[in-house]
Amino acid sequence: MTKNTVPRSGFGYFFHGIELALSPGIRRFVLMPLLANIILVGGALFYLFSHLDSWINQWIGQLPEFLSWLSYILWPLLVLTILATFSYFFSTLANFVAAPFNGLLAEKVEEHLTGKKINDGGILSVVKDTPRVLAREWRKLIYVLPKAIGLFLLLLIPAIGQTLGPVLWFVFTAWILAIQYCDYPFDNHKVSFNEMRYNLKQKQGKAYGFGVLVSLFTTIPILNLIVMPVAVCGATSMWVNEFKK
């Protein structure tokens with residue numbers, strides 16, 4: 001057992017992803033996911049930070065007078081919620097664009113960790129597999145949308161929704177991001193989406209821990225531009241050590 005193939009915590013897999021993304025032989029496969037994330041997420045966050053303060057003040061202004069003291073608690077929660085929502089939405093869009101390259105990155109990371117070849121087709125196999133990979137991205141979106149809409153409607157409910165909504169949304173985002181990035185190595189081995197979810201539920205602590213860090217990093221300017229390839233690398237490390245058997 002090498003240092004690359006030892007069990008870790010969910011946090012540990014994320015930080016291992018940083019190490020892997022910077023590894024020789026992996027860095028060149030990081031480039032395309034990185035570019036997609038910088039262009040889409042970077043542009044979205046520039047727009048967001050131009051309007052964030054007015055949105056939050058307007059939202060908090062809807063609280064009843066007797067709950068005005070909650071504004072001190074809700075302000076940071078709403079900042080995290082809005083940042084996570086925007087980052088997740090545009091990360092999802094970036095994942096659609098970069099999905100074939102994320103799958104290739106996951107493949108190369110797994111080969112780096114195990115020393116075993118997964119696919120000999122190279123870039124040609126990536127092109128051929130693109131329709132199936134994009135269909136998988138739609139499958140994830142169909143899973144997410146009803147839950148995201150329900151939580152968004154909860155956020156619109158005065159007092160209760162504005163108090164519980166941000167917390168539930170953050171937990172939900174952590175789970176969805178774990179699914180988003182762990183799906184790439186699972187999909188490389190043609191593991192079905194439902195079976196992948198079932199496997200993650202068996203180790204929810206690690207999945208949530210990993211997702212929480214991904215979610216937090218997507219809310220931090222500059223760092224959120226590099227989080228996609230790091231998360232793919234970390235999720236692949238989790239696949240190799242926790243699920244591949």
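Side-chain atoms are counted along with the backbone in the values below, which use heavy atoms only and exclude waters and symmetry mates.
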Going through the checks in order, is the side-chain contact (heavy atoms from CB on, under 4.5 Å) test met by Leu213 and Phe15? CA-CA 9 Å; Leu213 269 192; Phe15 288 113; 3.5 Å; yes
Check step by step if side-chain contact (heavy atoms from CB on, under 4.5 Å) holds for Leu105 and Tyr184. CA-CA 9 Å; Leu105 174 59; Tyr184 292 114; over 6 Å; no
Could you walk me through whether Leu216 and Phe14 pass side-chain contact (heavy atoms from CB on, under 4.5 Å), step by step? CA-CA 11 Å; Leu216 284 173; Phe14 180 84; over 6 Å; no
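Of all the heavy atoms in Ile179 and Met196, the pair that sits closest is CG2-CE, 3.7 Å. Here the closest heavy-atom approach between residue Ala21 and residue Arg27 is recorded as O-CG, 3.4 Å. The two atoms that bring Ala207 and Ala178 nearest to each other are O-CB, 3.3 Å, heavy atoms only. Contact between Arg197 and Asn194 at its shortest, heavy atoms only, is NH1-OD1, 2.9 Å.
Legend: salt bridge (charged side-chain N to carboxylate O under 4.0 Å, His left out) pairs involving residues 204-226, not counting sequence neighbours, sorted by first then second residue: Lys206-Glu242.
Open room surrounds NZ on Lys116; 12 or fewer heavy atoms of other groups in view lie less than 6.0 Å from it.
Looking at heavy atoms from C-beta onward, Val109 lies out of side-chain contact with Val232 at the 4.5 angstrom threshold. Looking at Leu177 and Phe210, their side chains never come closer than 4.5 Å, going by heavy atoms from C-beta outward. Using a 4.5 Å heavy-atom threshold, the side chains of Phe170 and Val212 count as touching. Side chains of Leu113 and Leu20 form a contact here, defined as non-hydrogen atoms less than 4.5 Å apart. Considering only heavy atoms from C-beta on, Ile176 comes within 4.5 Å of Tyr143 through its side chain. Side-chain contact between Val171 and Tyr208 is present, with at least one heavy-atom pair separated by less than 4.5 Å. Using a 4.5 Å heavy-atom cutoff, the side chains of Phe217 and Val214 are not in contact. Proximity of His189 to Lys244: side-chain heavy atoms (C-beta onward) are separated by under 4.5 Å at one or more points.
Annotation: ring-ring contact (aromatic ring centres under 6.0 Å, His included) contacts of Tyr198 (sequence neighbours excluded): none. Qualifying ring-ring contact (aromatic ring centres under 6.0 Å, His included) partners for Phe243, counting only residues two or more places apart in sequence or in other chains: Phe186.
For the residue pair Glu107 / His112, no side-chain donor-acceptor distance below 3.5 Å is found, with atom types taken as modelled.
The line from CD1 of Ile26 to CD of Glu19 is 11.5 Å long, rounded to the nearest 0.5 Å. For the atom pair Tyr13 OH and Cys182 SG, the distance stands at 10.0 Å (nearest 0.5 Å). Atom NZ of Lys140 and atom CG of Asp183 lie 4.0 Å apart (nearest 0.5 Å). Between Ile226 atom CD1 and Met228 atom CE the span is 12.5 Å, to the nearest 0.5 Å. Atom CE of Met238 and atom CG of Asn199 lie 12.0 Å apart (nearest 0.5 Å). Rounded to the nearest 0.5 angstrom, His16 NE2 and Asn241 CG are separated by 8.0 Å.
Phe172 has its ring centre no less than 6.0 Å from the ring centre of Trp175.
Looking only at distances, a side-chain donor or acceptor of Thr114 sits under 3.5 Å from a matching main-chain atom of Glu110. Proximity of a side-chain donor or acceptor of Asn188 to a complementary backbone N or O of Gly103 within less than 3.5 Å is detected.
A chain of hydrophobic side-chain contacts below 4.5 Å, direct or via other Ile, Leu, Val, Met, Phe, Trp or Tyr residues, connects Trp138 to Leu145.
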